[in-house]
Amino acid sequence: MIGIGYQIDTLNTQKYESILQQKYMVDGRKIFSWMATSSSDELENKLKGLNLVTLPPVKPKRMILQKPHTFGLFEIFEAENNDYIMHVRYIDEDLYLRDTSLRESQKEGWFLNALVIADMVVLLVIFMIILRMLSPLKSIAASMHRFAAGEYGSRSEVKSKDEIGEVAHTYNEMAQKIENLILSRQELLRDVGHELRTPIARGLFALEQIEESKAHDILTRSFNELDQLTRELLEIEKLQATDAMEWENFSAETLVLQALSKLCLTDESLIDVDIETNFTLHGDLQYLSLALKNLLDNALKYADQAPITLEITANRISVLNHGKPLEKEFAHYLTAFTREERSRTTQGFGLGLDIVSKIIAKHGFSLTYDYENGFHRFSILVNG
């Protein structure tokens, strides 16, 4: 709008100066003739007929036209007070004249400029009103971003009675309910972790007092499986309900050693470790080692020949084992409690890959799978 106003003002000024220049040039030719033939009183009357008034000498601010004459000089210029002056010099006589009839045209230009300025002021006021209306939305959006980042106590401070205030009130209610659910879930995790695992530990301790028998072995295996199931379920819930990731930098070799220590192998020849590139990762070492441990554990369970292979290349960690192709698409096995029919006799609950996929997603990495020449390849792709 400022640019438009400037252009309109420029065009009006050019139009006004063009009209004024044409009139002054016509009048100037007459004035040269009158100055040569008329007396002072006659000249003054004739000038009034042209709506021209004489002025004392005026200093020019901007020259518009300067034209020499046989007996003098003809000039049109803008004065310091923005009046447009005609200067006629005949031999040794100077006349400074201003046309009073063009003042109306000049006033029209000023009026048009005033309208443009008024429009700009109105637009500025409207813009400020819109900014004032939208600022509460920015506050609500900021509260939502903080809530999404884990600040579950973040609430909007907007208290207005309009629609935006209603949005803020609705968001606050929703955030409170979600915070309550998250806190309840975290309390449930703590309670389950204590109340469920404690009886399991007591049962295992009591079994040690019983003599060896087939029933003893069945109970021991059942308690161990229940303990494993509880731990895996708790890991899944912790990943979903909390964001307690401890980010740090560590090498791929450190991750491998941590995962192998969790696996508790009795025969190290079952895994062939090949570290081609010992690159650096940024993430939670405990969770990533758990993910790699689960991949290794699955590979050992379902391999039909030993050893399995753990490969470390640039930004890729791969676990390979020999076996039959999967019965369904890989994505099917990323769901909790999903196993193949032929693996029902193998110990486990189908939670390993589910935990792995959630840990990898938390880190922004990728989990891929391919099958080639009888070998399954599960790979963790470290982005960046």
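Along the sequence shown, residues are numbered consecutively beginning with 1.
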Item to check | Stepwise salt bridge (Lys or Arg N to Asp or Glu O under 4.0 Å) test for Glu166 and Lys161 | outcome: CA-CA 7 Å; Glu166 186 176 347; Lys161 302 297 183 181; over 6 Å; no

Checklist entry - Are Leu281 and Ile317 close enough, and set up right, to give a side-chain contact (heavy atoms from CB on, under 4.5 Å), and what steps lead you there? => result CA-CA 11 Å; Leu281 298 90; Ile317 302 172; 4.3 Å; yes

Next on the checklist: Checking Thr309 against Phe375 for the side-chain contact (heavy atoms from CB on, under 4.5 Å) test, could you report, in this order, the C-alpha distance in whole Å, the side-chain angles of both residues, the deciding distance, and whether it holds?
Outcome noted: CA-CA 10 Å; Thr309 304; Phe375 280 90; 5.8 Å; no

Next on the checklist: side-chain contact (heavy atoms from CB on, under 4.5 Å) for Val356 and Asn298? Distances and angles first, verdict last.
Outcome noted: CA-CA 11 Å; Val356 172; Asn298 276 353; over 6 Å; no

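Residues Ile19 and Gln22 fail the side-chain proximity criterion, which asks for heavy atoms closer than 4.5 Å. Contact of the Leu43 side chain with the Met35 side chain is registered, since non-hydrogen atoms from C-beta on lie closer than 4.5 Å. Annotation: side chain of Ile271 is not in contact with side chain of Pro307 (no heavy-atom distance under 4.5 Å). Taking 4.5 Å as the limit, every side-chain heavy atom of Glu327 sits out of range of all side-chain heavy atoms of His332. Taking the side chain as every heavy atom from C-beta outward, Phe330 and Leu367 approach each other to under 4.5 Å. Phe32 places a side-chain heavy atom less than 4.5 Å from the side chain of Tyr90.
Placement of Trp247 and Phe279 within a single hydrophobic cluster is found when ILVMFWY residues are connected by side-chain heavy-atom separations under 4.5 Å, directly or transitively. Under the 4.5 Å side-chain contact rule for hydrophobic residues, Phe127 and Met120 do not share a cluster.
The one candidate from Leu320, Leu295, Asp272, Val256 that meets the side chain to side chain contact (heavy atoms under 4.5 Å, CB included) condition with Leu310 is Val256.
Listed by first then second residue, pairs satisfying salt bridge (charged side-chain N to carboxylate O under 4.0 Å, His left out) with a partner in residues 47-76 read Glu17-Arg62, Lys61-Glu78, Arg62-Glu78, not counting sequence neighbours. Under the ring pair (Phe, Tyr, Trp, His ring centres under 6.0 Å) criterion, no residue pair touches residues 154-182, with sequence neighbours excluded.
For the atom pair CD1 (Ile275) and OG (Ser251), the distance works out to 8.0 Å, reported to the nearest 0.5 Å.
Taking the side chain to side chain donor-acceptor pair (under 3.5 Å) definition, one finds that Asp92 meets it with nothing, sequence neighbours left out.
Between His69 and Phe74, a ring centre-to-centre spacing not shorter than 6.0 Å is recorded.
By the 4.0 Å N-to-carboxylate-O rule, Lys324 lies too far from Asp304 to be salt-bridged with it.
Counted by atom type alone, Arg146 and Ser143 present one or more donor-acceptor pairs between their side chains at under 3.5 Å.
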